[in-house]
**Q** 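Quick one: structure below, then a few questions.
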Amino acid sequence: MTTEIPATVRIQKETILQGMNQQQQEAVETTEGPLLILAGAGSGKTSVMTRRIAYLLAQCSIQPWNILAITFTNKAAKEMNERVANLVGDAASDIWMSTFHSMCVKILRREAEHLGFENNFSILDPDDQMSAIKQCMLDLNYDMKKFDPFSVLWKISAAKNELIGPDDFKSRAGKSLLDSVAANVYREYQYKLNSINAFDFDDLIFKTVQLFEDQPDVLDAYQEKFQYIHVDEYQDTNRAQYKLVKLLAGKYRNLCVVGDSDQAIYRWRGADISNILNFERDYPEAKVILLEQNYRSTNTILQAANAVIQHNARRKDKNLWSAKGQGAPISLYAALDQTDEAAYIIAKVQEHVGSGGQFRDCTVLYRANAQSRAIEEAFLQAAIPYKILGGMTFYDRREIKDVMAYLKVTANPQDEISLLRIVNVPKRNIGIGTIKRLLDFAHENGINLLEAMGKAERADLGAKATEAVKKFHLLMTDLHWLQEGLSVTEFLQEMLRRTGYREMYETSPQEEERNRLENIDELLTVTRAFDKRRRGTLADFLAETSLLSDTDKETGKKDNAVHMMTMHASKGLEFPLTFVVGMEESIFPHARSMDSSEGIEEERNLCYVAITRAQEKLHLSYCTERTIFGQLQMNEPSRFLDELPEDLVERSGADFAVIPRWAIGLRVRHPQWGIGVIMEMTGEDDELELEITFQSKHGTKKVKPKLTKLRVIEN
DNA sequence: AGCGTGTACTTTTTT
DNA sequence: AGTACACGCT
């Protein structure tokens, strides 16, 4: 990589603007002052962003290091960087392009000491956070059966996204008992994070904002650095991110935000749609550009998307259109159950592949990760290659987490959470009793756990325990010194050997255990790639991997497989053949968002996102019967299906227009009470009432078939 | 201390 | 249905 000052980039204006429509060109050429780009799905916003950056460099003589571009995922950042590099070459490497979180890590690494942290700080993943919360609740003597640690963590995270610190939280909360518990845990939790030199995801943003607010000179330096700021997916920014952007852009006010209120799907994570809706109020001099031409989908798909989203009230109106023609109708399949739904997908995928298509053209989208299982099983049976994004991923595997914990402790010896994870893996005869005593000892002496282990002989342990602890401490100290001269890969190899971690699996009698080695080898591939790319420190490697999102984690190789992911994970992506499954009330929209109109509107946004992923063909499906947690459920078809224009849709599958002929002695299935037999019939038509004797505990009940979804059981 | 069995519960979506 | 956790046994 060259370190020379890059030669001024010179590209013809025509080259940059080539092939762009009127609005896109305007967005590229509006370089000064605040700019709001309302970009409908598939309207080429990435292209606008990349060319705008190229334009700044090539036509306005802006230096690359004065440009900041924030994206939603690391993958998007990488892609954008490549596309800018294609236009302007080497200069692209000096532009900061990253997610909010990665950007904050970069800033915090430089400025850590201003906040009383060391720059080798750890980043807690959700698992680590949960352990930390539990430890805090234990320390504070809270009954975790009474106060759910998950809810407590949730509240703390929400507070951080709103820039509410422990003190504010305490004074604001207080209504419910859980709130006051959360307030105390919050304080304790922050204290713990401080003492182990760690940030959680939310802290990365929160603390950066605090840094800028408390240290005007630091803020000023970054304001000077980032004179031209771009923020993608602005509708999904939360209060903390909003504030961060506001601070950074406060001086030069060259802020370009891109977003689409219809694609706001992260309210539950603190995202506030007002950020985009009020942009013109925050920046009165702002220019607004609307991108409505879609380059992705057929008009059938866009008309469906437009029709659905019309039902939302809180939005900026726009209407997507495309030059692609009408295209194929949308297929809507009424499946009997999840197996039938999967069979439908398989049939359509095979049809597609049979006529010359590829598996990789097909993608299945669902509301919740748990829905993937039924489809996965069916794919396995039918020998359809598939790939699941998200859910349980590589980095969630136990062996990977263990190995990462070793790396974390090496990088940051104060990281007690990771230390506790691996202290007895592999077995070192250091049990819970010993750990407890060491923790007390550390606490009494104001030292961290690892230091306490170094002084184990003073901690009043048994002779055997002392020896085991000292031996472990020596191992970890050796590793700590070892890291200096080695690349991440070399260190990892050595670590696996010295700790006996590899050996533990190699010698395991269980095949399943030995298979875990493959995952560890896979991790070595990841470190090799990292070393080759940038030869950073252990802490850099850890930060990079922990900030990856599910879509980021997809391996570069173009697997020819059907992709499966949540609708959330699909944002920003596009697929020729798209299946959206589980279109049922309480699945989608999800039961937990059905009690508020905001909740429903956000679900509808999600529906809009899902529909607009499809390029050529969209298949929707729902199940009339579904088994959840081993319980049979019957859900009405999703309300979003009613919002689709009927002439765009081709229906197939089970026909429920036919009303079953009820009769005494007929066996039926009820959504809650299961299987029963009709004993008695009274009334007629809508007033018809059946007396049904159910199996076991439910006994005999009166049911109106008009109001309940009863199904006849064959044979 | 470690293993095995029994019981309860499922936390939408994620950086 | 599957899993995580708790308790009790060796």
Side-chain angles (χ1 to χ4, degrees), chain A residues 70-77 98-105 123-127 129-130 134 144-145 148-154 157-158 160-161 199-206 233 236-238 240-241 244 263-271 338 365-374 377 389-393 395-396 398 424-425 427-435 462 464-465 468 543-553 565-571 582 586-594 599 602-603 605-607 609-610 626-633:
Chain A
I70 298 171
T71 57
F72 200 67
T73 63
N74 288 290
K75 193 180 166 206
S98 62
T99 61
F100 272 107
H101 296 267
S102 303
M103 172 183 79
C104 289
V105 169
I123 299 165
L124 264 49
D125 69 22
D127 247 36
Q129 283 187 62
M130 201 60 191
K134 283 179 179 166
M144 286 192 263
K145 286 204 179 94
D148 175 18
F150 187 90
S151 312
V152 172
L153 175 57
W154 192 262
S157 169
K160 288 182 178 180
N161 288 331
F199 295 110
D200 65 20
F201 282 159
D202 305 312
D203 278 340
L204 294 174
I205 318 268
F206 188 14
E233 308 282 10
D236 283 325
T237 51
N238 60 36
Q241 293 165 333
L244 184 60
Q263 294 185 67
I265 54 174
Y266 287 102
R267 195 177 64 107
W268 51 273
R269 197 167 89 183
Q338 286 137 297
L365 303 180
Y366 35 79
R367 178 63 242 264
N369 279 307
Q371 287 169 257
S372 67
R373 189 176 248 139
E377 277 166 15
L389 273 97
M392 175 80 165
T393 63
Y395 290 91
D396 294 329
R398 192 174 75 209
N424 206 27
V425 184
K427 299 271 178 299
R428 298 189 176 92
N429 297 315
I430 302 174
I432 300 168
T434 308
I435 295 292
K464 259 172 81 180
E544 196 175 290
T545 41
S546 62
L547 293 175
L548 290 182
S549 71
D550 288 330
T551 25
D552 295 331
K553 286 171 195 157
M565 67 189 87
T566 62
M567 299 178 199
H568 282 88
S570 76
K571 187 156 89 155
S586 91
I587 300 289
F588 186 42
H590 194 274
R592 293 183 67 141
S593 23
M594 292 206 311
E602 179 154 299
E603 295 284 303
N605 283 350
L606 190 56
C607 185
V609 168
R626 160 183 305 272
T627 315
I628 291 180
F629 307 140
Q631 276 245 299
L632 191 74
Q633 239 185 49

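Not measured: the values here are computed from a predicted model. So you know, we letter chains A, B, ... as the sequences are listed, proteins then strands, and number each from 1.
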**Q** Would you compute the distance between atom CH2 of A:Trp154 and atom CZ of A:Arg269 and round it to the nearest 0.5 angstrom?
**A** 9.5 Å

**Q** Of the nucleotides B:dT13, B:dT15, B:dT11, which has the atom closest to the A:Phe150 side chain?
**A** B:dT11

**Q** So, do A:Phe72 and B:dT15 meet the stacking rule of ring centres under 5.5 Å and planes under 30°?
**A** no

**Q** Excluding sequence neighbours, so at least two apart, what forms salt bridge (charged side-chain N to carboxylate O under 4.0 Å, His left out) with A:Asp127?
**A** A:Lys401

**Q** Under the criteria of a ring-centre distance below 5.5 Å and an interplanar angle below 30°, is A:Trp268 stacked with the base of B:dT13?
**A** yes

**Q** Could you state the atom-to-atom distance from CZ of A:Arg269 to P of B:dT15 in whole Å?
**A** 6 Å

**Q** Can you tell me how far apart OG1 (A:Thr99) and CZ (A:Phe72) are? Round to the nearest 0.5 Å.
**A** 10.0 Å

**Q** Treating A:Gln241 as the side-chain partner and A:Ile205 as the backbone partner, does any N or O pair qualify as donor plus acceptor under 3.5 Å?
**A** no

**Q** Look at A:Thr627 and C:dA1 and indicate whether a side-chain polar atom (N or O) is within less than 4.0 Å of OP1 or OP2.
**A** no

**Q** B:dT13, B:dT15, C:dC5: which one has an atom nearest the side-chain heavy atoms of A:Ala368?
**A** B:dT13

**Q** Run A:Val609 and A:Met567 through side chain to side chain contact (heavy atoms under 4.5 Å, CB included) and show every step you take.
**A** CA-CA 7 Å; A:Val609 168; A:Met567 299 178 199; 5.8 Å; no

**Q** When you compare the protein's N or O atoms with those of nucleotides 1-7 of chain B, which come within less than 3.5 Å of each other, and at what distance?
**A**
from: B:dA1; atom 1: OP1; to: A:Gly431; atom 2: N; distance (Å): 3.0

**Q** Check the distance between B:dT14's P and A:Leu547's CG and give it to me in whole angstrom.
**A** 16 Å

**Q** Rounded to the nearest 0.5 Å, what separates atom CG in A:Asp236 from atom CG in A:Asn605?
**A** 9.0 Å

**Q** Backbone N or O of A:His590 within a donor-acceptor pair of the A:Glu603 side chain at under 3.5 Å?
**A** yes

**Q** Which part of the nucleic acid does A:Asp148 contact within heavy-atom distance under 4.0 Å: base, sugar-phosphate only, or nothing?
**A** base

**Q** Using heavy atoms to find the nearest nucleotide of DNA chain B for A:Met130 and A:Tyr266 separately, return the residue whose nucleotide is more 5′.
**A** A:Met130

**Q** Rounded to whole angstrom units, what separation is found between the CG atom of A:Asp127 and the C1' atom of C:dT3?
**A** 15 Å

**Q** Quick one: A:Leu389 CG to B:dT13 C1', roughly how many Å, whole number?
**A** 15 Å

**Q** In whole angstrom, give the distance that lies between atom CD1 of A:Ile587 and atom P of B:dT13.
**A** 12 Å

**Q** Please measure how far the P atom in C:dA4 lies from the corresponding atom in B:dT13, and state the result in whole Å.
**A** 15 Å

**Q** Nearest whole Å is fine: how far is C:dT3 C1' from A:Arg373 CZ?
**A** 9 Å

**Q** Tell me the interatomic distance from A:His590, atom NE2, to B:dT11, atom P, rounded to whole angstroms.
**A** 10 Å

**Q** Could you state the atom-to-atom distance from CG of A:Leu124 to P of B:dT15 in whole Å?
**A** 17 Å

**Q** Which nucleotide wins on minimum distance to the side chain of A:Phe629, given the candidates B:dT10, B:dT14, B:dT15?
**A** B:dT10

**Q** Please tell me if A:Asn369 has a side-chain N or O lying less than 4.0 Å from either OP1 or OP2 of B:dT13.
**A** yes

**Q** Please check if any side-chain donor atom of A:Ser157 sits under 3.5 Å from a side-chain acceptor atom of A:Asp202, or the reverse.
**A** yes

